[in-house]
Amino acid sequence: MNNRDYARVLQEIAQLMEISGENRFKIRAFENATRTVETLPEELEAVMDRGDLKELKGIGASIAQDLLQIRQHGTCDIHRSLLERLDPGLLDMLRVQGLGPKRIKLVYHELGVSNLDALKEAAESGRLRELKGLGAKTEEKVLAEIERLARGGDRTPLPQARHVAESLRDQLAALPQTERIAIAGSIRRGRETIGDVDLLVSSMDPAPIHQTFCGLTEVKEVLVSGDTKTSVRLHNGIQVDLRTVKDEVFGSALHYFTGSKEHHIELRTRAKRQGLRVSEYGVFRDDEDTPIASHTEEELYQALGLPYIPPELREGRGEIESAARHELPVLLQPDQIRGDGHMHTTETDGRHSIEEMALAARDLGYEFIVITDHSQAVRVANGMTPERFREHMARIREADGRVEGIRILTGIEVDILKDGTLDMDHDLLAEADWVVGSIHSHFNQAPDQMTERLLRGMRTGLLSCLGHPTGRILGGRDGYRYDFDAIVEACVELGVALELNGSSGRLDLNAELAEKAHRQGAMLVLGSDAHSTAGLHDLSFAVQQARRAGLPAEAILNTLPVDAFLKATRPDL
DNA sequence: GCCGTTTTCGGCCCGACTGTTTTCAGTCG
């Protein structure tokens with residue numbers, strides 16, 4: 001079993017406990033343990049083997065026992081007894097916004113409704129409104145929610161959500177009443193999928209802003225509307241919350257709306273012990289109404305005796321303790337990026353020429369880029385034959401000589417074929433400055449076969465890095481299965497870097513695996529995988545994932561000057 | 001169920017909005 005399997009059982013326990021009305025702190029304990037397991041940078045079973053389960057944050061004697069039972073039986077006593085009393089279909093009902101554990105329990109006990117289909121029927125036939133506290137409007141909302149869930153997931157990939165958020169932000173920023181505006185929530189923290197978009201605006205006169213917001217063409221319906229908060233659903237299904245505050249509390253409000261919930265709970269618990277109170281309106285001394293900090297996030301942390309904690313680390317995973325000990329990692333900064341290691345041109349499936357890509361990258365302030373078009377196995381992308389690759393490299397060198405102010409390196413994204421051979425003549429690969437090795441076919445090989453395939457590709461000594469190393473598509477397919485630890489180990493040994501691919505829909509490696517690879521000593525390289533000049537901006541998603549992984553600049557090859565970048569994986573150069 | 005800068009028991013964040021209510025429970029973030 002992998003960590004996700006353990007996390008799923010723990011989460012089901014927490015959710016079923018909610019519905020059964022367990023003590024809410026006990027529920028939180030299971031939620032915390034779920035998150036710890038989910039984001040653990042190593043295999044939980046390795047921790048078990050060492051007998052170190054109780055060392056993990058949020059896991060005590062009781063949950064440690066549960067986990068050991070889960071390892072043996074796939075379930076544990078408490079999980080089993082909850083499932084005997086409740087129906088697993090109820091878990092789906094928790095995804096319906098506006099329906100919480102109390103109402104689900106009510107509906108279950110009074111109407112025997114135990115899954116989404118039955119819930120839909122109960123709402124359609126007007127039986128929900130017969131229950132205390134529920135009315136016609138609730139029925140209507142429940143039906144709309146069920147339809148939304150049926151249309152496809154409740155979370156949106158980060159890149160898509162951020163593009164939407166930036167467009168809305170720019171429209172509201174143009175209003176004369178807007179003083180400061182920011183995208184908050186999980187987009188700011190860089191979570192790879194987003195539940196909803198949070199926008200924060202400071203203004204002395206918020207009413208027109210809420211009014212304009214409700215009337216934007218993207219908006220399909222207004223869900224909630226008050227003096228300081230408006231929630232809407234866009235035509236694309238994404239929910240957007242807008243909060244307005246006075247400018248003097250912008251910092252504390254931004255902190256609050258950035259989250260995460262877990263970070264807040266820990267921070268506020270800690271503040272309470274210091275005789276302080278934290279809310280979106282600032283940090284307060286007990287029994288006082290004037291905040292001692294509210295203007296900026298830096299002030300807020302300072303008032304609590306902590307250094308600034310970057311949004312990407314605010315997940316309640318021990319960052320507050322690390323901050324208190326002044327042991328937070330110094331995270332990679334966007335302006336430390338000197339180059340982009342992965343992009344395509346019109347030679348294969350890109351939309352812009354070598355020169356156009358280079359000029360756009362130069363405008364972004366880069367010192368170098370690598371042109372990495374596809375090899376011939378990727379037919380749909382018009383992959384290059386050896387002849388075409390040879391000519392393409394010549395054109396890249398020619399462009400490098402012509403375009404001022406940026407180095408353009410020769411490279412390729414070569415397919416690692418089914419049997420581990422590389423889809424290109426080795427002498428041409430040896431000639432290239434940078435070789436990304438990727439898998440684009442036969443995703444469903446058995447894990448040991450896939451591991452062997454990757455190892456064989458790497459042992460050619462020709463790969464600079466592994467491109468999108470897991471192959472997962474956000475909200476789409478899972479990655480291919482293989483022995484990740486063995487591959488990382490080989491990467492370290494053979495001097496092959498692992499890519500952190502920032503292209504929309506991938507974010508691969510994810511933050512957890514990137515952290516794991518880094519801990520094991522592997523080099524990481526960021527790539528936008530751009531297929532157009534606009535796509536170069538996707539490198540910022542890779543930067544954000546690297547930050548979530550707690551990576552410093554030294555861990556990232558893109559922060560090196562171009563010569564050092566090249567030598568990192570090719571000591572012979 | 002977890003945890004410790006009030007430490008092995010007693011506490012565990014805080015505020016806004018809605019719908020169904022006659023003052024508030026439930027939900028959300």
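Predicted, not measured: the structure shown is a model, and the values here were computed from it. Every chain is numbered from 1, with letters handed out A, B, ... down the list of sequences.
Here A/Ala253 lies out of heavy-atom contact (under 4.0 Å) with every strand. Across all strands, A/Ile27 comes closer than 4.0 Å to no nucleic acid atom at all (heavy-atom distances). Here A/Lys132 lies out of heavy-atom contact (under 4.0 Å) with every strand. As judged by a 4.0 angstrom heavy-atom cut-off over every strand, A/Val245 is placed among residues making no nucleic acid contact. A/Gln97 comes within 4.0 angstrom of sugar-phosphate atoms only, judged by non-hydrogen atoms across all strands, and of no base. Backbone-only contact: A/Leu134 has heavy atoms under 4.0 Å from sugar-phosphate atoms and none from a base. A/Ser231 comes within 4.0 angstrom of nothing in the nucleic acid, heavy atoms only. Nucleic acid contact for A/Arg277: sugar-phosphate only, since backbone atoms but no base atoms lie under 4.0 Å from a heavy atom of the residue. Within 4.0 Å of A/Ile265, counting heavy atoms only, lies at least one base atom of the nucleic acid.
In this structure, of B/dG19, B/dG26, B/dG29, it is B/dG29 that holds the atom nearest to the side chain of A/Asp196. Here B/dG1 is the nucleotide among B/dC12, B/dG29, B/dG1 with the atom lying nearest to any side-chain atom of A/Phe30. Among the nucleotides B/dG29, B/dC12, B/dG15, the one closest to the side chain of A/Lys261 is B/dG29. Nearest nucleotide to the A/Phe25 side chain, out of B/dG15, B/dC13, B/dG19: B/dC13. When distances run from any side-chain atom of A/Tyr281 to the nucleotides B/dG1, B/dA16, B/dG26, the shortest one goes to B/dA16. With distances taken from any side-chain atom of A/Thr138 to the nucleotides B/dG1, B/dG19, B/dG26, the minimum falls on B/dG19. The side chain of A/Val224 lies closest to B/dT18 when the candidates are B/dG29, B/dT18, B/dG19. Residue A/Gln239 has its side chain nearest to B/dG29 when only B/dG15, B/dG29, B/dC14 are considered. Which of B/dA16, B/dC2, B/dC13 sits closest to the side chain of A/Ser62 comes down to B/dC2.
Between A/Arg80 and A/Asp77 a salt bridge is recorded (basic side-chain N to carboxylate O distance below 4.0 Å). Residues A/Arg548 and A/Glu192 are not paired through a salt bridge, judged by the lack of any N-O separation under 4.0 Å between the basic side chain and the carboxylate.
Taking side-chain N and O atoms only, A/Lys137 has no distance below 4.0 Å to OP1 or OP2 of B/dT20. Within the 4.0 Å cut-off from OP1 or OP2 of B/dG29, not a single side-chain nitrogen or oxygen of A/Ser260 is found. Between A/Thr269 and B/dC13 there is a side-chain N or O to OP1 or OP2 distance below 4.0 Å. Look at A/Arg28 and you'll find a side-chain N or O under 4.0 angstrom from OP1 or OP2 of B/dC13. Here A/Thr228 reaches the OP1 or OP2 of B/dC17: one of its side-chain N or O atoms lies under 4.0 Å away.
Atom P of B/dG26 sits at a distance of 13 Å from the matching atom of B/dT22, rounded to the whole Å. Of the P atoms belonging to B/dG11 and B/dT6, the separation is 15 Å, rounded to the nearest Å. For B/dT8 and B/dC3, the C1' atoms lie 10 Å apart once the distance is rounded to whole Å. Spacing between B/dT23 and B/dC17 at atom P, rounded to whole Å, works out to 22 Å. Taking atom P in both B/dG1 and B/dT7, one finds a spacing of 24 Å when rounded to whole Å. Of the C1' atoms belonging to B/dG15 and B/dG10, the separation is 25 Å, rounded to the nearest Å. Separating the C1' atom of B/dC13 from that of B/dG29 is a span of 12 Å, rounded to the nearest Å. When the C1' atom is compared between B/dA16 and B/dC9, the two are found 34 Å apart, to the nearest whole Å.
What separates CD of A/Glu31 from P of B/dG29 is a distance of 13 Å, to the nearest Å. Rounded to whole angstrom, the span from the NZ atom of A/Lys102 across to the P atom of B/dC24 amounts to 16 Å. For the pair A/Leu276 CG and B/dC13 C1', the computed distance is 13 Å after rounding to whole Å. Rounded to whole angstrom, the span from the NZ atom of A/Lys229 across to the C1' atom of B/dT18 amounts to 10 Å. To the nearest angstrom, P of B/dG1 lies 14 Å from CG of A/Asn32. Here B/dA16 presents its P atom at 14 Å from NE2 of A/His264, a figure rounded to the nearest Å. Straight-line distance from the CZ atom of A/Arg325 to the P atom of B/dG4: 11 Å, rounded to whole Å. Atom CG of A/Asn23 and atom P of B/dC9 are 19 Å apart (whole Å).
The two residues A/Val219 and A/Cys214 have their closest heavy-atom pair at CG1-O, 3.6 Å.
Looking at A/Thr178 and A/Val201, their side chains come closer than 4.5 Å, going by heavy atoms from C-beta outward. Using a 4.5 Å cut-off on side-chain heavy atoms (C-beta onward), A/Ser540 and A/Arg162 make contact.
Residue order along DNA chain B, read from the 5' end via each residue's closest nucleotide, puts A/Leu56 first among A/Gly135 and A/Leu56. The residue among A/Arg273 and A/Arg24 whose nearest nucleotide of DNA chain B lies closer to the 5′ end is A/Arg273.
Partner assigned to B/dT8 is none, using Watson-Crick or G-U wobble distances below 3.5 angstrom.
For A/Arg155 and A/Thr193, the side-chain atoms include at least one donor-acceptor pair closer than 3.5 Å. Side-chain N/O atoms of A/Ser225 and A/His210 include no donor and acceptor closer than 3.5 Å. Between the side chains of A/Asp247 and A/Ser202, at least one donor-acceptor pair of N or O atoms lies under 3.5 Å.
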Margin query: Let's go through A/Arg233 and A/Glu145 carefully: what are the C-alpha distance in whole Å and the side-chain angles of both, what is the deciding distance for salt bridge (Lys or Arg N to Asp or Glu O under 4.0 Å) to 0.1 Å, and is it a yes or a no?
Written below: CA-CA 11 Å; A/Arg233 172 94 46 213; A/Glu145 271 293 295; 3.4 Å; yes

